[in-house]
Structure formats: C-alpha cells, structure tokens
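All figures in this text were calculated on a predicted structure; none of them were measured in a lab.
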Amino acid sequence: MTTRWETADVLKSPMEICWQFAYEIDSQKLKTLYSKAKKYQWDAETDLDWSYRVDPSRPIMEDDVIGGVMRVPLMGRLSGSQREQLMAHLSAHRLSQFLHGEQGALMTAAALTHAVPDYQGKLYAATQTMDEARHVEVYARYIQKLAIVYPMSTTLKEIIDRTLTANHWVKIAIGMNMVVEGLALASFHNMLQVTPCELLRKILQGVLRDESRHVAFGSLYVGDALTAMHPDDREDIADFAFEVVSLMRRARRRDAPPDPGFLSVLDHCNIDRSEFFASVAELSASGQRFEAPRDQIHPFKHLMMPALVRVGAVTERARARYKAEGIPVWEDRRTLEQFEDDRAFA
Ligand SMILES: [Fe+2]
Ligand SMILES: [Fe+2]
C-alpha cells in the first residue's frame with residue numbers, strides 16, 4: 001500500500017495523552033451508552049442494498065435543505081436539464097461535506113480515546129471512533145453513486161482543525177460532539193425528512209441513531225469536567241466554544257464570502273459566478289427572505305446552543321461575547337433531549 005501524500009494534510013497536536021489504571025465504571029449512563037454502542041453496530045457492507053440505483057433525474061435533496069439556491073431569480077431562467085444538473089451537483093457538494101466531516105469526527109473520537117482521563121470515557125470514545133469509521137465508509141460509498149466529491153468547505157475544515165489541534169480534550173468534545181455534530185444532526189435530520197432516495201434514507205437513519213449517542217456523550221461527560229475545572233480554565237473553554245460557534249455563524253451569513261466548493265458547483269454547471277451573485281443581490285433587494293420549513297431543525301437554536309448552556313460552556317463573560325456578535329443564546333433543550341434518545345431513530 002502506498003500513502004498518497006499528495007492528498008494528505010498533516011497537523012500537529014499539543015494534546016496530552018492519558019493512561020488510566022483504575023478500571024472502574026462509576027457512571028451508569030456512560031456504561032449504558034457504551035453498551036448500546038456495542039449492540040447497535042451496523043455494517044454498511046451487508047446491511048444496505050447497494051444495488052439501489054440513484055435516479056439522476058430525481059434530486060436526492062430538496063432545495064429547502066440546501067439553502068434555497070433555487071429561489072434565486074436566475075434559476076427560473078435555466079432549462080430543466082440545467083436545473084437537474086445543478087441540484088445533482090448541490091447534492092454532491094452537501095454529501096461531500098458529510099463525508100469529510102465524518103472523517104474529522106473519526107479523528108476527534110480517536111483523540112478523545114487517547115486524552116480522556118477515565119477508563120469508561122476511553123471505552124465509550126473507542127465506540128464512537130468505530131461509529132465514525134462506519135459513517136466515513138457509508139458516505140464514501142454512497143457518494144460514488146453521485147460521481148463527484150467536492151472539497152471540504154473552508155469553514156468546516158477550519159473548525160475541525162481547531163478542534164483537532166486544541167490543547168484540551170474538553171475542547172475536542174465541545175468542537176465535535178456539540179458544535180459540528182449539532183450541525184450534522186440537524187442536516188441529517190432535515191435531509192431525512194425530504195429525500196426520496198431509499199438508500200440515503202436507510203443510511204441517514206442508521207447514522208442518526210449513532211449520532212444521538214455522540215451528542216448525549218458530549219453533555220454527560222463534559223458537564224462534570226467543566227464543573228470540576230478552575231474558573232480560569234472554564235473561561236478558556238468557553239472562549240473556545242464561542243470562537244467555533246461564531247466561525248460557523250459567520251460562514252452562514254448572507255454577506256459571507258462564498259465557499260470555493262460552492263463556486264466550483266456553479267462552474268461545473270456552467271453558471272456564471274457574477275450573474276449568480278447579481279441575482280442573489282436582486283433577491284435580497286426584493287426583501288424576500290428564505291424561510292426554512294417549520295419542521296426543520298435549526299442547528300444553533302435547537303441543538304448547539306442549548307447543549308453548550310447545559311454543560312456550563314456559556315459563562316457570563318461568554319454571554320456578553322455572544323451578545324456582541326449577535327448570536328442568541330438559545331436555552332430550550334426539548335429538541336436536543338429528543339435527539340439524544342436513540343429510540344427516536346429506531
Ligand atoms: Fe458520524
Ligand atoms: Fe458522530
């Protein structure tokens with residue numbers, strides 16, 4: 001086997017690695033998560049029907065879940081086949097983010113296995129590592145049916161890189177299990193509501209069930225660690241959480257610079273970039289706003305912010321920073337708690 005260094009990207013981590021010689025389990029909840037994780041391992045190779053043919057004329061996603069690009073006036077002037085092609089590329093672009101994000105999750109889970117100070121935490125993190133490996137496998141295989149893999153979005157890469165190279169395992173658990181997985185859980189859920197692709201539905205159901213454990217771990221494990229920390233260290237963690245959340249928020253603003261991957265979607269579909277952005281400006285000037293359908297999960301409002309508040313990663317000082325940045329500190333945990341119950345995805 002040859003390592004393909006030309007497509008590799010190497011980072012250095014300041015993380016401390018921790019042995020633990022007390023092989024005791026004192027958290028029943030963590031033990032339950034670990035037991036469930038062992039029991040619910042599914043196998044993408046044998047449990048899914050890969051002979052399923054993805055119909056290129058039927059979009060696997062609806063415009064609603066990929067940001068409403070089709071509402072831009074220019075899209076009304078495209079031919080039917082151009083619209084089809086654009087939807088197919090937008091879908092491939094979105095699925096590519098899932099794929100790359102899962103690789104990030106695989107590495108952060110492995111890092112947690114090294115770094116968490118408790119035996120039970122290590123066992124759990126090892127199961128998450130295996131879950132994420134299966135997720136990378138399943139998305140890598142599905143994406144072959146879409147013919148193209150787009151590069152990772154620069155913001156997602158930056159957030160996961162910061163998480164991977166953080167100096168404390170709590171930052172890793174926050175960056176991945178709360179922030180990135182909050183985004184992923186919302187995207188997977190919203191896509192599951194609308195995709196007509198049977199194979200993708202099965203994949204999303206399996207992945208969502210695993211992810212519900214990952215989000216539950218974040219709150220279970222990080223809360224206790226934060227409570228036990230010196231206040232200065234807690235502020236340092238809260239700053240990290242604020243920085244990754246605000247990076248993600250900024251990238252979603254209308255005036256954010258477009259992601260290079262999205263620009264190459266336009267290029268692949270022969271849509272002129274400047275014409276496209278002129279048309280976006282036309283839509284904004286008309287005062288129309290894109291409203292997501294009501295049953296969609298909002299990653300910040302329903303998952304990320306309530307999870308951060310619950311574990312104590314939003315300190316008073318951090319609240320002021322969120323306010324100054326215009327990010328509401330949503331605290332309603334009802335949706336988050338529903339998502340942590342894997343029976344919802346059985
Ligand atoms: Fe995953
Ligand atoms: Fe995950």
Side-chain angles (χ1 to χ4, degrees), residues 1-4 7-9 32-56 58-61 65 88-89 91-113 122-152 156 160 164 176-177 180-181 183-185 187-217 339 342-346:
M1 203 176 85
T2 31
T3 303
R4 296 184 181 171
T7 47
D9 184 18
T32 306
L33 273 187
Y34 174 61
S35 301
K36 276 188 186 171
K38 284 190 294 179
K39 198 163 140 196
Y40 295 139
Q41 297 284 314
W42 45 277
D43 185 350
E45 221 173 312
T46 52
D47 295 348
L48 294 165
D49 176 11
W50 290 101
S51 66
Y52 185 91
R53 207 178 140 269
V54 176
D55 180 352
R58 281 184 79 200
I60 59 162
M61 290 177 202
V65 296
H89 278 268
S91 302
H93 180 256
R94 176 57 64 96
L95 255 302
S96 303
Q97 304 317 308
F98 289 2
L99 171 63
H100 304 311
E102 293 289 0
Q103 186 187 171
L106 166 65
M107 293 190 287
T108 56
L112 283 177
T113 315
K122 288 183 186 296
L123 293 190
Y124 164 80
T127 62
Q128 184 172 338
T129 308
M130 185 56 190
D131 289 345
E132 307 299 7
R134 291 183 296 98
H135 298 172
V136 178
E137 176 197 350
V138 78
Y139 283 125
R141 190 154 178 188
Y142 183 79
I143 215 161
Q144 286 172 10
K145 293 184 179 282
L146 307 181
I148 184 164
V149 179
Y150 276 95
M152 191 168 184
L156 185 61
I160 298 184
L164 276 167
M176 180 51 68
N177 294 59
V180 175
E181 291 189 323
L183 181 72
L185 213 57
S187 303
F188 298 163
H189 170 271
N190 294 341
M191 194 174 298
L192 180 61
Q193 305 309 306
V194 296
T195 184
C197 175
E198 269 311 309
L199 177 58
L200 185 56
R201 292 181 61 78
K202 288 249 158 54
I203 293 172
L204 290 167
Q205 277 161 346
V207 169
L208 271 166
R209 187 149 130 173
D210 296 340
E211 298 297 349
S212 68
R213 291 191 299 274
H214 306 169
V215 174
F217 167 76
F339 268 78
D342 65 349
R343 285 170 302 186
F345 309 107

At what distance, to the nearest 0.5 angstrom, does [atom1] of [X] lie from [atom2] of [Y]?
| X | Y | atom1 | atom2 | value |
| --- | --- | --- | --- | --- |
| Lys39 | Lys36 | NZ | NZ | 8.5 Å |
| Leu208 | Arg213 | CG | CZ | 11.5 Å |
| Leu33 | Lys38 | CG | NZ | 12.5 Å |
| Leu106 | Gln128 | CG | CD | 10.0 Å |
| His89 | His93 | NE2 | NE2 | 12.0 Å |
| Leu204 | Leu199 | CG | CG | 9.5 Å |

Quiz prompt | Matching residue for Met176 among Met107, Glu181, His214 - test: side-chain contact (heavy atoms from CB on, under 4.5 Å) | solution =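 Of Met107, Glu181, His214, side-chain contact (heavy atoms from CB on, under 4.5 Å) with Met176 is met by Glu181 alone.
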Quiz item: Between the side chain of Tyr52 and the main-chain N/O of Glu198, is any donor-acceptor distance below 3.5 Å?
Solution: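 Side chain of Tyr52 to backbone of Glu198, a donor-acceptor pair under 3.5 Å: yes, one is there.
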Practice problem: Output yes when a side-chain donor or acceptor of Ser187 lies under 3.5 Å from a complementary backbone atom of Leu183, and no otherwise. | Solution: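 Such a contact is found between Ser187 side chain and Leu183 backbone.
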Below 4.5 Å, heavy atoms only, C-beta onward: do [X] and [Y] meet side chain to side chain?
| X | Y | answer |
| --- | --- | --- |
| Arg134 | Asp210 | yes |
| Asn177 | Leu112 | yes |
| Glu132 | Glu211 | yes |
| Tyr142 | Leu48 | no |

If you take all heavy atoms of [X] and [Y], which pair is closest and at what distance?
| X | Y | result |
| --- | --- | --- |
| Leu146 | Ala92 | CD1-CA, 3.9 Å |
| Arg209 | Ser212 | O-OG, 2.7 Å |
| Ala126 | Thr113 | N-OG1, 3.6 Å |
| Gln97 | Pro151 | NE2-O, 3.1 Å |
| Ile160 | Val180 | CG1-CG2, 4.0 Å |
| Val54 | Cys197 | CG2-SG, 4.2 Å |

Exercise. Apply the test side chain to side chain contact (heavy atoms under 4.5 Å, CB included) to residues Asp131 and Trp42: give CA-CA distance (whole Å), side-chain angles for both, the deciding distance (0.1 Å), then the verdict.
Key: CA-CA 9 Å; Asp131 289 345; Trp42 45 277; over 6 Å; no
Exercise. Answer yes or no: does atom NZ of Lys202 have more than 12 heavy-atom neighbours from other residues, nucleotides or ligands under 6.0 Å?
Key: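 At most 12 heavy atoms, drawn from other residues, nucleotides or ligands, come within 6.0 Å of this atom.
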Quiz item: Does one side chain, of His100 or Gln103, offer a donor that lies under 3.5 Å from an acceptor on the other?
Solution: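 Per modelled atom types, His100 and Gln103 side chains form no pair under 3.5 Å.
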Quiz item: Taking the six-membered ring for Trp, are Phe188 and Phe98 parallel (under 30°), tilted (30 to 60°) or perpendicular (over 60°)?
Solution: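 Geometry flag for Phe98 against Phe188: perpendicular rings.
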